[in-house]
**Q** 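Take a look at this one; I'll ask things after.
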Amino acid sequence: MIHARLLSGCLLLLASVSASAWEYTLVAPDKPVQNWSISSDRLGLRDGLAFAVGVHRLSGGRQEGSVLIEIDTGAMQLTVVATRGMNVLRAQAGTLRLGWDSPVREVVNPAFVNLESRNGLGWLEGFNELVARAGFEWVGHPGMDRGQLLTLHGRASYLPASQVVLTIDEQPPHRISLKGVLHEEAFKQANFRIDTELVTHAGATGFTLHDRLTNQGAHTAEYQVLYHSNFGPPLLGEGSRFAAPVREVSPFDARARQELGEWQAYRAPTPGYGETVYNLYPWGDDQGRSLAVLHDHSAHQGVALAFNVRELPVFTLWKHTDAKAQGYVTGLEPGTSFSYNRSQQRALGLVPRIEAGGTRDFTLDYRLLATAAEVRQALEQVEGIRHGRPTKMREAPLAQEP
Amino acid sequence: MIHARLLSGCLLLLASVSASAWEYTLVAPDKPVQNWSISSDRLGLRDGLAFAVGVHRLSGGRQEGSVLIEIDTGAMQLTVVATRGMNVLRAQAGTLRLGWDSPVREVVNPAFVNLESRNGLGWLEGFNELVARAGFEWVGHPGMDRGQLLTLHGRASYLPASQVVLTIDEQPPHRISLKGVLHEEAFKQANFRIDTELVTHAGATGFTLHDRLTNQGAHTAEYQVLYHSNFGPPLLGEGSRFAAPVREVSPFDARARQELGEWQAYRAPTPGYGETVYNLYPWGDDQGRSLAVLHDHSAHQGVALAFNVRELPVFTLWKHTDAKAQGYVTGLEPGTSFSYNRSQQRALGLVPRIEAGGTRDFTLDYRLLATAAEVRQALEQVEGIRHGRPTKMREAPLAQEP
Amino acid sequence: MIHARLLSGCLLLLASVSASAWEYTLVAPDKPVQNWSISSDRLGLRDGLAFAVGVHRLSGGRQEGSVLIEIDTGAMQLTVVATRGMNVLRAQAGTLRLGWDSPVREVVNPAFVNLESRNGLGWLEGFNELVARAGFEWVGHPGMDRGQLLTLHGRASYLPASQVVLTIDEQPPHRISLKGVLHEEAFKQANFRIDTELVTHAGATGFTLHDRLTNQGAHTAEYQVLYHSNFGPPLLGEGSRFAAPVREVSPFDARARQELGEWQAYRAPTPGYGETVYNLYPWGDDQGRSLAVLHDHSAHQGVALAFNVRELPVFTLWKHTDAKAQGYVTGLEPGTSFSYNRSQQRALGLVPRIEAGGTRDFTLDYRLLATAAEVRQALEQVEGIRHGRPTKMREAPLAQEP
């Protein structure tokens, strides 16, 4: 049972100071969330590395009760939504924004959303993050699987986190870790715990996500996960390009097949474009490490997303280059699975299983590419991983949407 | 993104005093809702016009977190539910109540309701207002339309308002305006913003609603709206009458057809009555202005509801004169549409469209008729608008319920 | 309308001291829930009977906003969840725990659960209580009845209580009463009020539940109720036994039929066991009083559950002796009805009706059996009620699951 027994209603943040790090419990059963902040200044640091972390509770509309955790590394401002699966709402480094402008303007509290609504598309009522977790029971398009309606992309983004803990290293570069626990539990149905962690440090212009899925149940269970990582302007624009070392690319459906030849290129905002989706099998290096890059038309700025194909073997590239008002955005989505309904992915071998008591780790690194040199270097990394291996273009979609 | 950045957690109400009006932000992303009140006294007014406005947050049951805004004009007490689409819960002027006694006693927080439950009748779990907004993606009975379950009367009443702002004019009669914003948004599904406003003034025994719908999307979209305005005793009782200038009246269904001849008359509470519904096409004057009147059996008191047929071309008259314990009530419902499922209203031309970036305005005025003279005057207004034009009685319902 | 008018935002607990009892309103429309406690010490009692009651609001995860009320009788600690139908989460007397270890670790706020999800099994996302109320519109397995999806075990456990009032008698043994009101209301659909009460006293190692269902509507309505009373270790274990005076026992389904011969015995945690369920018709004494007993393998400790067959004529025995990680638990479930879908229970005469304005009372007493003598005494009580009457073993299930 996750609750505290009767004790004095201590409203102060619990800070435990160790020899090497400060630790703050930001969310816990016996601690009401309150606006709060800490900074290098207030910690008395004088090493020239300025950073700050704040907790902010939102009010009004479907934002009521949403909890934001804002990390300012000094070089980048990151916003994590504790109440939405520890998703990363956005990141900003100077004038460069990672994230996008969704038609969904509110940071929606899961209490106000019915995932089953809109034929299983309720997830879209709150979709506006830079990184939205899909999983962990299932991912993919809504539809029936074994007699049950699976809703779009599972429940992870609609699980508010418990036990959120911030840790800041005393020593430069002051590693900043933000952990949050998700419970995906239902008697006889699901028994997952997900320990999420976001790591960055003072001065950083990037961040790492590390999730650990634990099957707390007594039986082997299916699972799926996909990291829906979304970028709009300024990184996305006409002439922007996607690059990754890819073993095979295929169109998600007939619509995407028409533009298979230009799968790495992006259009300007195009009213009525809708979306095209490509299914990629990335190459990894001898350790499984892979890298995806998105950069603007001039290759002067971009973002690099590192992941490991042993953890996340497939990759969905989602191109929603419709009109700006519709949400002009591309999704870079490493996962265990593509975005078909789970019922279609078993035949593709993309519904992995986790044994009783087992754990699975997923690590993703998001790094800003702020200069042409950094973009070039990242593209060279991509080619290094590719190591001359070819990309197979497959014309036929891997599955048929029902 | 609707959120404030890290800033001091100012819990005080933000009051901006201009030369001509006081403005108070009651609900905003960075301002937790708290009980609060203001009054003419506290504003130092000495002009003999006493008024007050208060904010009240409810606790317990499915009321937890509900936010009421109570406006006392000195002559009428109005209650608005910020967390339920800025609906008007009730109004009271002396012994005369506008509103009704619903079997739903709580002011239900939308977080606790699944609109899809009860075969799409979840809306009824919170239905107890004087004015409940239906819309804006759709209105009407639950049912499938183009493959999707449309739930009863849409989502507007289940959208908590953000950015609620109160403005009070310094000059008599101290116009009081209460604005609230509704976001009806879902990626690729809906992109509506509704700016609601309720206007009254010190000494008033009525109020005006003014809503502006904006299509924030890049595509033309369908919309529907209906203002479900509900009255029980003392205005409703045996012998109460409804009057409006009507071009055509027809029964909603076979049940209503049986009593078409008495469509303007009301029965006493009648156990087992259920409901009868009539579809009206009102006449408007040369500006489109129309008026509906409900008055008691002696025509000594009543309510007048003014609207414009250019904005709201049709009108549903709902007679739920069942036993008191079931909710003895009549609904006067100006709208763009009747209460059939949307799938049945396209053929009737009652599913209007709004272009990308377009706006639509809806204005309704609710006025208490406190004396026989006021009732008589309102009925004369009705006749003035009718201008001798006939009412066609149509025997057959306009649509068949599936 | 359940709300307070504008008044000063008094945050203090309202205590009304009478000649004979202290009364505290813990949850009410105009009183935000806050952590709070009272004790015999603070009440200045010096009679050697120490007790305490506390209110505790949880934060984080799907526990956000959950309200626990913890009663320490001095001999037993009871936890009631005000936000989940006044369910009893657990009880602890020294080392003996009543309750179980559910895979659901959080005390889930109903705002985060869609009962219709998982094909009507959403109830299982929060199921972890010692006593979970099922009802009052319906109980039983999810499925269609008269065109509507009835979700597992109804809504009672997902109705947050309003008007929670604690009363403590001044005189020994200081009777402690905790009342909470549930509104199960939906316009034209349901109109139930349930007045729940839990009673215990200083020094007690048990508690009594007394619920009163009122049909507030104008029509006779169907209802069902079942008290899902759940026990894991240490009372449940290999060799634990169930005893009750039973007129007829039958297997719920084909699975249970295989083990009908050992319906009173329990297995050790058995991975893959799933569950077996038995339908019992208990005998009562000449007042209708009946008793069910669960005790451990050595008959050294147990629990006795007293109820009345005139109120609760049937009894479900649920044996979920699967692996511990799946929730090793048995349910003792007195009710008006078995756990079939309501559509299957009408033919069994197990869908009672309640007239307009009518009330129905349900009283259950949970008593710890802390010694072999107490267990023996309770088993003798069972035999006393049985009074030599036989138990009919029925091989065929009473209904077929669809």
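Every value quoted in this text rests on a predicted model; they were computed, and no experiment measured them. Letters A, B, ... mirror the listed sequences (proteins, then strands); counts begin at 1.
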**Q** Side chain from CB out, backbone as N, CA, C, O: work out which of these in A:E64 comes under 4.5 Å of a heavy atom of chain B, or both, or neither.
**A**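 When you check distances to chain B, only side chain atoms of A:E64 fall under 4.5 Å.
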**Q** Relative to chain B, which of A:R57, A:R62, A:R118, A:E116 shows the most heavy atom pairs under 4.5 Å?
**A**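 Highest number of pairs under 4.5 Å: A:R118.
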**Q** Using 30° and 60° as the class limits, which term best fits the ring planes of B:F362 and B:Y227: parallel, tilted or perpendicular?
**A**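 Ring orientation of B:F362 relative to B:Y227: tilted.
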**Q** I would like to know whether B:R133 and B:D211 meet salt bridge (charged side-chain N to carboxylate O under 4.0 Å, His left out); could you show each step before the answer?
**A** CA-CA 10 Å; B:R133 285 176 173 83; B:D211 290 356; 2.7 Å; yes
**Q** Is A:R105 salt-bridged to B:E185, cutoff N-O under 4.0 Å?
**A**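 A salt bridge is present here (some side-chain N lies under 4.0 Å from a carboxylate O).
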**Q** Flag the pair B:H228 / B:F127 as yes when at least one side-chain heavy-atom distance between them is below 4.5 Å, and no otherwise.
**A**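 SC-SC contact between B:H228 and B:F127 confirmed.
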**Q** Tell me which of these, B:G180, B:G217, B:G65, has more heavy-atom pairs under 4.5 Å with chain A than the rest.
**A** B:G217
**Q** Hey, are the side chains of A:L89 and A:N128 touching, using non-hydrogen atoms and a 4.5 Å cut-off?
**A** yes
**Q** Under a 4.5 Å cutoff for heavy-atom pairs, which residue among A:G274, A:A111, A:P110 has the most contacts with chain B?
**A**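 When all of A:G274, A:A111, A:P110 are compared, A:A111 has the most.
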**Q** A:N109 versus chain B, heavy atoms under 4.5 Å apart: side chain, backbone, both or neither?
**A** neither
**Q** Quick one: which of A:S66, A:S117, A:G122 has the most heavy-atom pairs under 4.5 Å with chain B, could you say?
**A**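 Between A:S66, A:S117, A:G122, the count favours A:S117.
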